[in-house]
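Beneath this line is the structure, given in structure tokens, with notes to follow.
Hydrogens, waters and symmetry mates play no part in the numbers below; they use all other heavy atoms, side chains included.
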Amino acid sequence: QDMIMMNISGGYNDYKKINPIFSKEQFDKMITMEASYRIHEIFDWQDISSRFLVKGETIDSNINYFDRSDAIIGVSIGLNF
């Protein structure tokens with residue numbers, strides 16, 4: 001049986017201390033989006049499955065040095081037992 005999974009999450013970090021280098025209190029906003037697709041018995045091979053994953057994450061900080069965006073793409077093949 002094939003399966004599609006999707007997830008969106010967000011968060012907020014407030015460090016409650018002054019950053020000694022930037023002389024500011026740091027706080028970050030984050031959002032993560034992830035989608036994966038699992039194929040059961042790929043190529044009609046019994047007990048073999050494959051998963052395709054795409055994930056992105058963005059962190060927006062009030063201190064620009066800590067801003068970042070990441071992306072991950074992955075493929076896996078697994079044995080189901």
Validation: residues 69-79 side-chain donor-acceptor distances under 3.5 Å, sequence neighbours left out:
unit_1: D70; atom_1: OD2; unit_2: R68; atom_2: NE; d: 2.6
unit_1: D70; atom_1: OD2; unit_2: R68; atom_2: NH2; d: 3.2

Using a 3.5 Å cut-off and no angle test, enumerate the donor-acceptor pairs between side-chain atoms of residues 4-11 and protein atoms at least two apart in sequence or in another chain.
none

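Linking Ile, Leu, Val, Met, Phe, Trp and Tyr residues whenever their side-chain heavy atoms come within less than 4.5 Å places I48 and F52 in a single cluster.
Cluster note: L53 groups with no other residue, as no ILVMFWY side-chain heavy atom lies under 4.5 Å from it.
For N64, the side chain to side chain contact (heavy atoms under 4.5 Å, CB included) partners at least two apart in sequence or on another chain are D67. Listed by chain and residue number, Y37 satisfy the side-chain hydrogen bond (donor to acceptor under 3.5 Å, both in side chains) test with D2 (two or more places apart in sequence, or in another chain). Evaluation of the side chain to side chain contact (heavy atoms under 4.5 Å, CB included) rule for F27 yields Y12, D14, N62 as partners, not counting sequence neighbours. Shown here are the ring pair (Phe, Tyr, Trp, His ring centres under 6.0 Å) partners of F66, two or more places apart in sequence or in another chain: F22.
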Mind running side chain to side chain contact (heavy atoms under 4.5 Å, CB included) on E41 and Q46 for me, showing each step along the way?
CA-CA 5 Å; E41 295 188 358; Q46 188 175 2; 4.2 Å; yes
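Under the salt bridge (charged side-chain N to carboxylate O under 4.0 Å, His left out) criterion, the residue pairs touching residues 20-32 are K29-D60, with sequence neighbours excluded.
More than 12 non-hydrogen atoms from other residues, nucleotides or ligands lie less than 6.0 angstrom from CE of M30.
Here the CD1-CZ distance, from I42 to R38, works out to 11.0 Å after rounding to the nearest 0.5 Å. Between M3 atom CE and H40 atom NE2 the span is 10.0 Å, to the nearest 0.5 Å. In this structure, OG on S50 lies 9.5 Å from CH2 on W45, to the nearest 0.5 angstrom.
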